[in-house]
Amino acid sequence: MRSLMCGEVGEEHVGSVLTVCGWVARRREHGEHLAFLDLRDHTGIVQCVVDGAADLRSEWVVRVTGTVRLRPEGTINEQLATGAVELGDCRVEVLNTAEPPPFPLDERAADVDEVVRLRHRYVDLRRVEMQRNLRTRARVLGAIRRSMDAQGFVEVETPLLIASTPEGARDFVVPSRQRPGSFYALPQSPQLFKQLCMVGGVDRYYQVARCLRDEDLRADRQFEFTQLDAEMSFADQEDVLDVITAAVDAAVRSVRTGAPGGGGGSALDGVEAGIGEVPRMSWREAVDRFGSDKPDIRFGMELTELTDLFADTGFNAFRAPSVKGIRHAGASGSTSRSLLDDLTETAKRWGAKGLVWMRVEEGEDGGVRLVSPVAKFMSDAELAGVASRLDAQVGDVLYLVADEWAATTHVLGLLRLELGRPPTSEGGLRFLWVVDFPLFESIDAVTGRPVPAHHPFTMPHPDDLAALDGPSEGLLAVRSQAYDLVLNGWELGSGSVRIHRRELQQQVLDLLGIGPEEAADRFGFLLDAFRFGAPPHAGFAFGIDRLVALLLGEDNIREVIAFPKTQSGTDPLTGAPTSVDPAQLAELGLRTLPPRG
RNA sequence: GGUCCCGUGGUGCAGUUUGGAGUGCACGCCGGCCUGUCAAGCCGGAGGUCGCGGGUUCAAAUCCCGUCGGGACCGCCA
């Protein structure tokens with residue numbers, strides 16, 4: 001039907017009679033003697049010249065046969081990859097007509113209401129950016145699969161209809177027709193199945209797995225998302241980090257060396273070949289310095305420790321377990337009083353008791369002077385200490401928070417991002433392994449039991465095993481062999497070494513207050529499996545959507561998903577979710593309640 | 001569960017602060033002209049439930065209340 005793709009027509013074809021197919025991107029008609037037609041397919045655009053009137057409209061589907069020729073002098077289009085040539089003496093066959101597109105398909109589409117794009121996603125996907133994103137995603141997936149294959153992993157598919165377990169995120173639930181009143185759950189991840197694969201001697205498992213979680217959506221979260229899920233036997237944390245680093249490296253390289261028209265975004269600036277050695281940081285250090293367990297290390301503005309300066313302060317609000325500050329360099333001129341008030345309100349919404357701001361001005365002695373509503377409550381020594389620790393320069397704004405360590409770091413971490421975070425497409429790719437996560441996140445105030453930070457099968461750090469037998473105050477200090485991969489402040493994925501011996505597993509479950517009966521009820525099949533020779537194993541999973549989005553400089557994963565849902569979980573294209581026929585419900589033994597409220 | 005922002009011909013916007021006739025801009029669309037354009041150009045035209053509902057007012061796109069849709073975020077996401 002066609003002899004070449006539109007974007008492939010070049011000077012080497014001059015003189016050949018070629019046939020191309022595609023959509024009418026634009027037409028420029030000059031009366032009944034001459035018309036130009038820009039024909040588009042996913043490879044690009046080629047100009048076709050018709051010696052006569054061309055009765056065509058935008059987005060009509062046509063087949064054009066013509067003779068490739070060099071464009072006349074002065075009419076070469078440098079903007080176009082095929083701009084040196086054109087298809088002349090064209091014969092145009094209309095394969096299909098089309099209504100005018102509901103929004104412009106050129107670069108102006110970036111400004112169009114996303115709902116309009118999603119409602120007509122099939123048109124949106126014709127755009128060069130969406131084609132680039134889809135094809136980059138496919139190339140990343142291919143590179144990851146090849147890397148995992150080469151490292152001896154075998155792809156195993158696991159079920160989509162599984163048993164619901166109460167841990168973690170809210171499950172999507174599927175009613176059973178054959179057993180009315182019973183339900184399947186869609187997997188939040190293949191976690192338990194991949195561990196069963198380890199018991200089953202698969203040795204090295206991976207899967208490009210769809211995962212589903214019924215939680216509120218965000219720019220980096222959809223109900224359904226795609227993960228590279230992996231698990232390996234007879235392996236420790238180092239082995240997993242090596243394997244995953246290699247897979248991500250392959251993904252990054254595949255984008256950098258991609259085909260024309262499918263290249264990456266400016267996020268790849270500064271990445272020479274691959275991702276190189278990925279730095280590591282302990283969870284404690286990450287939270288302490290950046291106020292986040294997924295620090296964006298593309299920029300500084302680190303949290304500075306000030307607690308000891310205020311140990312004996314007369315400023316009661318600052319007599320707190322943790323006082324920290326950040327410095328917004330040179331921002332005083334662009335930071336109005338009303339903005340400071342807004343930031344204070346925002347900080348309170350984030351959970352701060354308050355936010356202290358200080359403008360750095362020139363002092364009488366030539367040094368700096370901190371100007372703040374609360375400066376009068378602080379001693380000269382305290383103010384001097386703050387200025388010194390934060391390296392305050394005239395024109396800066398300082399922000400201080402005093403609270404429990406977790407609250408102080410949380411609020412300042414969010415404020416740091418709010419004030420200093422570069423755009424998604426700038427600052428290069430800054431990967432980071434965050435290691436030594438705590439085993440327990442907190443102690444439940446009601447039950448007195450520790451709450452797991454990862455999941456109950458996470459192996460404690462070998463050096464901290466003794467503390468498991470100690471008092472509950474010491475439990476929060478127990479580290480786990482869990483690790484996260486972070487890229488530019490996005491959590492790409494996480495993993496852990498798993499507990500493979502029953503005694504330790506039982507001890508952890510006991511600590512969590514999960515008795516043998518409850519354990520058997522919730523994941524007895526896994527504990528049973530561990531009775532039959534479970535090898536030591538460890539694994540990881542990371543989000544493909546997020547990785548591809550960041551590689552392309554997109555700040556929203558919807559841009560790298562062909563048919564995503566809106567933030568409220570609807571699909572403007574199909575109308576999902578919809579009601580179903582009452583007969584369908586009856587067959588499933590279901591009846592809906594009247595709407596709440 | 002919560003905070004903030006947005007909603008005006010097919011698309012993007014201005015108009016809303018300070019109420020006064022659906023007023024304006026660009027693109028697109030329809031028709032005409034046009035033999036080297038490339039976001040072609042020129043001329044003409046059509047196209048509106050100012051998201052929806054209620055209230056205040058002589059008068060509401062504009063002010064107030066509610067609601068729907070969308071987005072960003074907090075909580076949530078072991």
Side-chain angles (χ1 to χ4, degrees), chain A residues 25-39 45-54 57-59 69 71-80 82-83 86 88 99-120 123 165-171 188-189 191-192 211-223 225 342 345-352 410-411 414 417-418 437 439-442 450-458 480 482 491 494 496 512 514 522-523 543 555-556 558 565-570 572 597:
Chain A
R26 218 175 290 281
R27 73 214 136 82
R28 295 174 291 278
E29 294 179 66
H30 292 248
E32 56 191 55
H33 300 293
L34 177 68
F36 297 95
L37 163 64
D38 285 347
L39 193 64
I45 284 175
V46 66
Q47 173 169 286
C48 307
V49 186
V50 179
D51 297 315
R57 294 292 185 271
S58 288
E59 301 306 316
R69 64 191 187 201
R71 293 196 188 186
E73 190 133 355
T75 65
I76 289 173
N77 185 347
E78 305 284 353
Q79 315 295 319
L80 220 55
T82 62
E86 65 190 9
E99 289 181 23
F103 56 92
L105 298 191
D106 55 22
E107 59 277 5
R108 288 169 296 186
D111 298 323
V112 173
D113 185 343
E114 201 179 341
V115 181
V116 176
R117 290 175 52 206
L118 290 180
R119 187 173 298 133
H120 303 276
V123 173
T165 54
E167 294 81 30
R170 198 176 292 113
D171 278 326
Q188 298 174 25
S189 79
Q191 180 64 36
L192 299 175
C211 304
L212 298 105
R213 296 177 189 174
D214 187 6
E215 297 291 348
D216 290 353
L217 274 33
R218 288 280 199 289
D220 62 350
R221 279 173 14 199
Q222 286 269 301
F223 285 150
F225 55 100
D342 287 348
E345 283 311 304
T346 303
K348 284 178 179 169
R349 280 203 301 275
W350 288 335
H410 174 68
V411 170
L414 290 173
L417 293 176
E418 174 82 18
F437 271 73
L439 189 62
F440 304 112
E441 178 181 279
S442 59
V451 180
H454 195 53
H455 58 60
F457 317 116
T458 305
S480 68
E491 182 192 321
S494 63
S496 64
L512 296 173
I514 302 173
R522 281 160 62 171
F523 28 74
D555 51 21
N556 189 321
R558 292 188 297 270
K565 294 192 173 46
T566 66
Q567 194 169 72
S568 58
T570 65

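Figure legend. B:rU37 is base-paired to no nucleotide; pairs are counted as Watson-Crick or G-U wobble with both atom distances under 3.5 Å. Across all strands shown, B:rG66 forms a Watson-Crick or G-U wobble pair with B:rC52, both key distances being under 3.5 Å. Across all strands shown, B:rU3 is found opposite B:rA72 as a Watson-Crick or G-U wobble partner, with both distances under 3.5 Å. With a cut-off of 3.5 Å on both Watson-Crick or G-U wobble distances, the partner of B:rA46 is given as none. Both distances falling under 3.5 Å, in either a Watson-Crick or a G-U wobble arrangement, place B:rC25 opposite B:rG12. Applying the Watson-Crick and G-U wobble criteria (two distances, each under 3.5 Å), B:rG19 pairs with nothing in any strand. Figure legend. B:rU57 is base-paired to no nucleotide; pairs are counted as Watson-Crick or G-U wobble with both atom distances under 3.5 Å.
Sequence order on RNA chain B of the closest nucleotides to A:D106 and A:T570 puts A:D106 first from the 5' end. Map A:H455 and A:P102 each onto its nearest nucleotide of RNA chain B; the residue landing nearer the 5' end is A:P102.
Using a 4.0 Å cut-off, no side-chain N or O of A:N556 falls inside it from OP1 or OP2 of B:rG71. For the pair A:Q188 and B:rC77, the criterion of a side-chain N or O lying under 4.0 Å from OP1 or OP2 is not met. A sub-4.0 Å separation between OP1 or OP2 of B:rG69 and a side-chain N or O of A:R119 is absent. A:T346 has no side-chain polar atom (N or O) that falls below the 4.0 Å cut-off from OP1 or OP2 of B:rU3.
If you check every strand for non-hydrogen atoms under 4.0 Å, A:S568 touches sugar and phosphate atoms only. Residue A:R522 is classed as having no contact, given no heavy-atom separation below 4.0 Å to the nucleic acid. Looking at heavy-atom distances under 4.0 Å, A:A453 makes contact with sugar-phosphate atoms alone, never a base. Base contact: A:T75 has a heavy atom under 4.0 Å from a base atom. Using a 4.0 Å heavy-atom distance criterion, A:R117 is classed as making no nucleic acid contact. The residue A:E29 sits close to a base: some heavy atom pair falls under 4.0 Å. Contact annotation for A:T458: no contact, since no heavy-atom pair falls under 4.0 Å across all strands. Note on A:E86: a base of the nucleic acid sits closer than 4.0 angstrom, heavy atoms only. Looking at heavy-atom distances under 4.0 Å, A:P72 makes contact with a base.
Ring pair A:F457/A:F523 is perpendicular by interplanar angle, where above 60° counts as perpendicular and below 30° as parallel.
B:rG48 sits 13 Å from B:rU11 when the P atoms are compared, rounded to a whole Å. Nucleotides B:rC63 and B:rA14 place their P atoms 15 Å apart, quoted to the nearest Å. Look at the P atom in both B:rG1 and B:rC64: the space between them is 26 Å, to the nearest Å. A gap of 14 Å separates the P atoms of B:rG22 and B:rA59, to the nearest Å. Spacing between B:rA72 and B:rC25 at atom P, rounded to whole Å, works out to 34 Å. For the C1' atoms, the distance linking B:rC43 with B:rG7 amounts to 35 Å, nearest Å. B:rA40 and B:rC27: their C1' atoms are spaced 14 Å apart (whole Å). Comparing B:rG28 with B:rA39, their P atoms are spaced 12 Å from each other, to the whole Å.
Residues A:E215 and A:R221 are not paired through a salt bridge, judged by the lack of any N-O separation under 4.0 Å between the basic side chain and the carboxylate. A salt bridge between A:R108 and A:D106 is present, with a side-chain N of the basic residue lying under 4.0 Å from a carboxylate O of the acidic one. Between A:D38 and A:R28 there is a salt bridge, since a side-chain N of the basic residue sits under 4.0 Å from a carboxylate O of the acidic one.
In the set B:rG36, B:rC77, B:rG71, the nucleotide with an atom closest to the side chain of A:L34 is B:rG36. Comparing B:rA40, B:rU11, B:rG36 by their closest approach to the side chain of A:R28 singles out B:rA40. The A:R221 side chain lies nearest to B:rC77 when the options are B:rC38, B:rC77, B:rG70. Each of B:rG36, B:rC76, B:rA39 was ranked by its minimum atom distance to the side chain of A:E215; first place goes to B:rC76. Side-chain proximity of A:R71 to the nucleotides B:rG70, B:rC73, B:rG36 is greatest for B:rG36. Ranking B:rG70, B:rG71, B:rG31 by closeness to the A:R558 side chain, first place goes to B:rG71. Which of B:rC74, B:rA40, B:rG12 sits closest to the side chain of A:D111 comes down to B:rG12. In the set B:rC74, B:rA72, B:rC29, the nucleotide with an atom closest to the side chain of A:A219 is B:rA72. Distance from the side chain of A:H410 is smallest to B:rG75 among B:rC30, B:rG75, B:rG36. Checked against B:rA39, B:rC76, B:rU3, the side chain of A:R349 finds its nearest nucleotide in B:rU3.
Contact annotation: side chain of A:R218 to base of B:rA72, donor-acceptor pair absent below 3.5 Å. Judged by distance alone with a 3.5 Å cut-off, a donor-acceptor contact links the side chain of A:D216 to the base of B:rG75.
In terms of heavy-atom proximity, A:R71 sits nearest to A:L80 at NH2-CD2, 3.9 Å. Smallest separation of non-hydrogen atoms from A:T458 and A:S496: CG2-CB, 3.7 Å. In terms of heavy-atom proximity, A:D51 sits nearest to A:L34 at OD1-CD1, 4.3 Å. A:P72 and A:E86 get closest at one heavy-atom pair: CD-OE2, 4.0 Å.
Put simply, the side chain of A:S58 does not reach to within 4.5 Å of the side chain of A:P100, judged on heavy atoms. Counting heavy atoms from C-beta outward, A:R69 and A:V49 have side chains that approach closer than 4.5 Å. Under the 4.5 Å side-chain criterion, counting only non-hydrogen atoms from C-beta, A:E114 is not in contact with A:P572.
By the stacking rule of 5.5 Å between ring centres and under 30° between planes, A:H30 stacks on the base of B:rA40. Stacking is found between A:F36 and the pyrimidine-like six-membered ring of the B:rU37 base under the 5.5 Å centre-distance and 30° plane-angle cut-offs.
Atom-to-atom, CZ of A:R27 to P of B:rC30 comes out at 6 Å; the value is rounded to the nearest Å. What separates NZ of A:K348 from P of B:rG75 is a distance of 19 Å, to the nearest Å. Remark: P of B:rG69 and CG of A:L118 are 15 Å apart, rounded to the nearest angstrom. Note: CG (A:D113) to C1' (B:rG51) measures 12 Å, nearest angstrom. When the C1' atom of B:rG12 is taken as reference, atom CG of A:L105 falls 14 Å away, rounded to whole Å. A:R69 has its CZ atom 14 Å from the P atom of B:rU37, to the nearest Å.
Of the residues in residues 46-54 of chain A, those placing a heavy atom less than 4.0 Å from an atom of RNA chain B are A:Q47, in numerical order.
Partners of A:E59 by side-chain contact (heavy atoms from CB on, under 4.5 Å), not counting sequence neighbours, listed by chain and number: A:W23, A:R40, A:A98, A:P101, A:L105, A:R126.
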